[in-house]
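What follows is a short report on a single structure.
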There are 2 protein chains.
Amino acid sequence: MKIVQSIERAFGILHELSKNSAGISELSRTTGLPTSTVARLLYSLEKTEAVEREGGKSVYRIGPSIVTMASSVNPTQRLLTAAQPHLRGLVEVLGEAAGLGIPAGYDVHYIGEIDSPHPIQIRDWTGTSLPMHIVPSGIIFLAHWPEEAVEAFLRHPLDRFTPKTVISPSEIRHRIVEAREKGHVWLFEEFSEGINSVAAPIFNHAGAVVGTLHSHGPSFRFPAESMEDVIANRVMQTASAISETLGHTQ
Amino acid sequence: MKIVQSIERAFGILHELSKNSAGISELSRTTGLPTSTVARLLYSLEKTEAVEREGGKSVYRIGPSIVTMASSVNPTQRLLTAAQPHLRGLVEVLGEAAGLGIPAGYDVHYIGEIDSPHPIQIRDWTGTSLPMHIVPSGIIFLAHWPEEAVEAFLRHPLDRFTPKTVISPSEIRHRIVEAREKGHVWLFEEFSEGINSVAAPIFNHAGAVVGTLHSHGPSFRFPAESMEDVIANRVMQTASAISETLGHTQ
DNA sequence: GTTGACTTCCCGTATAGTGGGAAATAGAGT
DNA sequence: ACTCTATTTCCCACTATACGGGAAGTCAAC
């Protein structure tokens, strides 16, 4: 099918405006469209309140209807939506699956994932929940809880999932401290034998952790020899980029 | 000038989608457009990431580019932008000016206002700041501060602006309590003789007060005889509507 | 398998968008 | 105040572009 030209162009303009407010001729330059075309499109966008004028002058910026539409997206969907392109980028770079988790009581709930391109890959956990102490995302969440909440968590029974699962409160406390320092957590085969995983926090504008970004793969190839830190940095970097995207928003 | 049809229609679709995600035929029904047209527009919107498909199926919802564009709007502008239509509505109903304030230290900073249609009207305070204790918006902000912050505020010197200005800490404390109970504050000629004003809080998703909505007018006609409560309710209602619009957003 | 609801695709038509250029307006410099 | 330039607004003839009816394809339920 063929894309509707005026819509493509209109969104091109909106995209420019989301970087900087601008006038007609400036937009004409950046988009390469004739001024008359830009003027007409802006007029239409203004009528639909997708853009508004700055102080009555002919300097345009993103308008109310865009804000309203975006606010109709619920927080989880919003996180997913904002993260989507970053997830794709991460999977491309690492070659392993990347996903998002949100806290749900004492569990991490997985809300989305992009699978690795490898033929051998880990099942998609989207829609399921796992206890916080066995997955790196969980440790990340715990690391941003108040001490007393963490203590309450540690008092409740912690199941062992594999021989390597750490369930000792003192060891978990230690991991939490480390998570705060490093900004990421690696766990090796603690949830399931043969799976390694790394996670980093995603923050909202207020600095609260609203979700986690993780990447995981089969332990025989992930992480590759002495690549742990490189991978972790990449994951943290992507997580910040996602935070940034959610970012400025109220 | 004539509005570009496809843009108008595209935003009609986006508007529908911001209420509910939907498929092609449903949108065709709600917008009154032929399915082929809806399909083509959606295809274009999808390519620009203004919409995305829910789970790969052909159920569409608001997409990443809308969220990204909205997040590029800074919080103050965002508040203004989101509030604009509500402000207009309020001015229409009350016939008096309505405006927005944000906290700035111990002052309220006015970021926007729509003037009353009356020939006799109050000057536009946009861009200026006033001490919290003399304007109702200020009392609203104080009412949502922690006790100790309020006490610190009350310890700093409070200027008198008119004979009616209340500067006694105990009276201000009392007003703060009342503000919390009622959700609004009326002040009569405390900032300037001949001006009465009422304000209510605007909250973000997390329940924090990010701004205030106020309405003010000359004391000889505002508030009209025994209309105080009606007006206050209207202002509170509008403030909630604005909170709602900012609302769900992260 | 059959039915019905929905989506995708095709293609002829003409409407609706386009862009060049002129006119009007705003802004900067002297 | 006046000129010169940059920018926006308006007009209009042209045809590229969006349109929508309808057919074909897909999917799900029964």
Side-chain angles (χ1 to χ4, degrees), chain A residues 1-66 77 81 124 126-127, chain B residues 1-66 81 126-127:
Chain A
M1 202 185 298
K2 210 154 143 284
I3 199 167
V4 173
Q5 191 186 54
S6 46
I7 292 181
E8 188 176 34
R9 290 172 164 188
F11 277 91
I13 288 174
L14 287 173
H15 183 71
E16 286 301 322
L17 287 179
S18 77
K19 291 189 282 186
N20 299 299
S21 16
I24 292 176
S25 48
E26 189 180 344
L27 287 167
S28 161
R29 263 175 262 117
T30 53
T31 60
L33 297 170
T35 58
S36 49
T37 300
V38 172
R40 181 160 22 80
L41 294 174
L42 277 175
Y43 174 82
S44 307
L45 290 171
E46 192 184 359
K47 287 295 166 194
T48 57
E49 307 211 283
V51 305
E52 63 183 358
R53 282 157 186 259
E54 226 152 65
K57 293 283 165 198
S58 80
V59 176
Y60 296 83
R61 66 174 171 216
I62 299 298
S65 79
I66 299 283
Q77 202 188 98
T81 295
D124 186 339
T126 301
Chain B
M1 204 187 295
K2 209 151 143 284
I3 199 167
V4 173
Q5 190 186 56
S6 45
I7 292 181
E8 187 175 35
R9 289 173 165 186
F11 277 91
I13 288 174
L14 287 173
H15 182 72
E16 286 300 322
L17 287 179
S18 77
K19 292 189 281 188
N20 299 298
S21 19
I24 293 177
S25 48
E26 189 180 345
L27 287 167
S28 161
R29 264 176 261 117
T30 53
T31 60
L33 298 169
T35 57
S36 49
T37 299
V38 172
R40 180 159 25 80
L41 294 174
L42 277 175
Y43 174 82
S44 307
L45 291 171
E46 192 183 358
K47 286 295 166 195
T48 57
E49 306 212 282
V51 305
E52 63 184 359
R53 284 157 184 259
E54 226 152 65
K57 291 285 163 197
S58 78
V59 176
Y60 295 83
R61 66 175 171 215
I62 299 297
S65 79
I66 299 283
T81 295
T126 302

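Every chain is numbered from 1, with letters handed out A, B, ... down the list of sequences. On a predicted model such as this, the values are computed, not experimentally measured, just so you know.
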Expressed as a whole number of angstroms, how long is the span from [X]:[atom1] to [N]:[atom2]?
{"X": "L42(A)", "N": "dG19(C)", "atom1": "CG", "atom2": "C1'", "value": "16 Å"}
{"X": "E8(A)", "N": "dA18(D)", "atom1": "CD", "atom2": "P", "value": "9 Å"}
{"X": "R29(B)", "N": "dC6(C)", "atom1": "CZ", "atom2": "C1'", "value": "9 Å"}
{"X": "I7(A)", "N": "dC19(D)", "atom1": "CD1", "atom2": "C1'", "value": "12 Å"}
{"X": "R40(A)", "N": "dC11(D)", "atom1": "CZ", "atom2": "P", "value": "14 Å"}
{"X": "Y43(A)", "N": "dG17(C)", "atom1": "OH", "atom2": "P", "value": "13 Å"}
{"X": "I24(B)", "N": "dT7(C)", "atom1": "CD1", "atom2": "P", "value": "5 Å"}
{"X": "E26(B)", "N": "dA5(C)", "atom1": "CD", "atom2": "C1'", "value": "13 Å"}

Shortest side-chain distance from [X], nucleotide among [options]:
{"X": "P34(A)", "options": "dC19(D), dG19(C), dT8(C)", "result": "dG19(C)"}
{"X": "Y60(B)", "options": "dT18(C), dT8(C), dC19(D)", "result": "dT8(C)"}
{"X": "R9(A)", "options": "dT8(C), dT9(D), dG19(C)", "result": "dG19(C)"}
{"X": "A39(A)", "options": "dG17(C), dG20(D), dT9(D)", "result": "dT9(D)"}

Check this for me: does any side-chain nitrogen of one of E8(B) and K47(A) sit under 4.0 Å from a carboxylate oxygen of the other?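 Result for this pair is no, no salt bridge flagged.
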Using a strict cut-off of less than 4.0 Å between a Lys/Arg side-chain nitrogen and an Asp/Glu carboxylate oxygen, indicate whether R29(A) and E26(A) qualify as a salt bridge.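 The answer is no: the pair does not qualify as a salt bridge.
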Heavy atoms under 4.0 Å, any strand shown: does T37(B) hit a base, just sugar-phosphate, or nothing?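 Result for T37(B) = base.
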Base, sugar-phosphate, or nothing for S36(A), non-hydrogen atoms under 4.0 angstrom?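 Base contact.
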Just verifying a value: how many Å separate L45(A) CG and L14(A) CG, rounded to the nearest 0.5 Å?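 That separation rounds to 5.0 Å.
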Indicate whether OP1 or OP2 belonging to [N] is found under 4.0 Å from a side-chain N or O atom of [X].
{"X": "Q5(A)", "N": "dT18(C)", "answer": "yes"}
{"X": "S6(A)", "N": "dG17(C)", "answer": "no"}
{"X": "S25(B)", "N": "dT7(C)", "answer": "yes"}

Any idea which heavy atoms bring T37(A) and R9(A) closest together, and the distance? CG2-NH1, 3.8 Å
Taking all heavy atoms of L41(A) and all of A10(A), pick out the closest pair and write down the distance. CD1-N, 4.3 Å
Between dC11(C) and dT15(C) - P atom distance, rounded Å: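 Comparing P positions in dT15(C) and dC11(C) gives a spacing of 22 Å.
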